[in-house]
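Below: the structure, in structure tokens.
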Amino acid sequence: MYYAFIDESESPHGSDEPEPEPFGYGIFYVGCMLVDDHQLTSINAGFERVRQRAHERFNIPEDAEFHGQCMFQYKDDWIGLKRKHRAAIGIYRSLMNEITASGGVLFVRGVHERQLKRRYGEHAHDPHSLALQYCLERVNFYAESEGIRNIQIVADKVSDPAAHEGMLKRYKLLGSKEGYVGSDLAHIDFPFRWEDSRKYFGLQAIDTALFILNRAVRLNRDDMSSKGDREVLKTAQILLPHLHRSSGISYLQNRKSYYLMPELYPGYQK
């Protein structure tokens, strides 16, 4: 069985003006981690090992949830890591290493929110639903190319799951050409499973991966004088071998899509 663990993330707006915004700002992302049963078992065992070590060394709760924002801001389960920056980033890197060691594949698609609204006005889709569509189109295309027949979606709970799933279900039944690659999502199983992320390491894995990628994309690569920025970039780059090449950000007004992490591509120069 194949599972696609889904989560969303939103980057802050870079200014009060509609345009221009620095690259990576004002983006709504949906990320997916695609794994089979064996890879999921690896994720579960690896994340449990990291959590147990964090409990033994730093008194983190034994049932702590790996949540990117809380880990970076030392909140909730992770308040015990406050002022222990090296330990915190070490734990985070351990998680990223467990994700890549599992062999799972990551897909991330982002939509620039202001450009979406400027292009389509009152007819614009909700950015969450659109980013979810774009992400699952890539997952479905990958499944087609790899001979994967069915994928069970496991998504973090949202306020209105029926709206997101209903739109995508229509695409599955009728086919859609609205996306960049066009797809009937033939390999995506419905209904989705909307679950509490605290109970699933798969959801915690995509949450932490998407959070660090979101932060890394917004870094100014021409000025990496900040040690914190360098640590974020190094941590995000652990994921590159398993970040699918179709990952990117759609700028709807410009009708362009940009690479999420250019380091993936031949000929990239800093």
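Side chains of Asp7 and Tyr29: no donor on one and acceptor on the other come within 3.5 Å. Judged by distance alone, the side chains of Ser257 and Arg109 do bring a donor and an acceptor atom under 3.5 Å apart. In this model, no donor atom of one side chain and acceptor atom of the other lie less than 3.5 Å apart for Glu65 and Gln204. Donor-acceptor pairing under 3.5 Å is recorded for the side chains of Tyr74 and His85. Looking at Glu98 and Ser42, their side chains never bring a donor and an acceptor atom within 3.5 Å of each other.
If you look at Tyr92 and Phe72, their ring centroids are closer than 6.0 Å. Here Phe47 and Phe66 bring their ring centres to under 6.0 angstrom of each other.
Between the side chain of Ser102 and the backbone N or O of Gly104, at least one donor-acceptor pair lies under 3.5 Å. Counting only distance, with no hydrogens or angles, the side chain of His187 and the backbone of Ile148 share a donor-acceptor pair below 3.5 Å. A donor-acceptor pair under 3.5 Å links the side-chain atoms of Gln253 to the main chain of Arg119, judged by distance alone. In terms of modelled atom types and a separation under 3.5 Å, the side chain of Glu8 and the main chain of Val30 share no donor-acceptor contact. Not one N or O on the side chain of Gln73 forms a donor-acceptor pair closer than 3.5 Å with the backbone of Cys70.
Of the listed residues (Leu260, Leu239, Ile206), just one forms a side-chain contact (heavy atoms from CB on, under 4.5 Å) with Val108, and that residue is Leu260.
Counted within 6.0 Å of CD1 on Ile79, heavy atoms from surrounding residues, nucleotides or ligands total 12 or fewer; the atom is thus considered open. Summarising the local packing, CZ of Arg198 is surrounded by more than 12 heavy atoms from other residues, nucleotides or ligands at distances under 6.0 Å. The environment of Lys199 atom NZ is sparse: at most 12 non-hydrogen atoms of other residues, nucleotides or ligands sit within 6.0 angstrom. Residue Tyr259 qualifies as open at atom OH: its count of foreign heavy atoms under 6.0 Å is 12 or below.
Using a 4.0 Å cut-off between charged side-chain N and carboxylate O, Arg53 and Glu56 make no salt bridge. Salt-bridge check for Glu21 with Arg114: passed, with a basic side-chain N closer than 4.0 Å to an acidic carboxylate O.
A cation-pi arrangement is present between Arg218 and Tyr25, with the terminal nitrogen or guanidinium carbon under 6.0 Å from the aromatic centre and inside a 45° cone about the axis.
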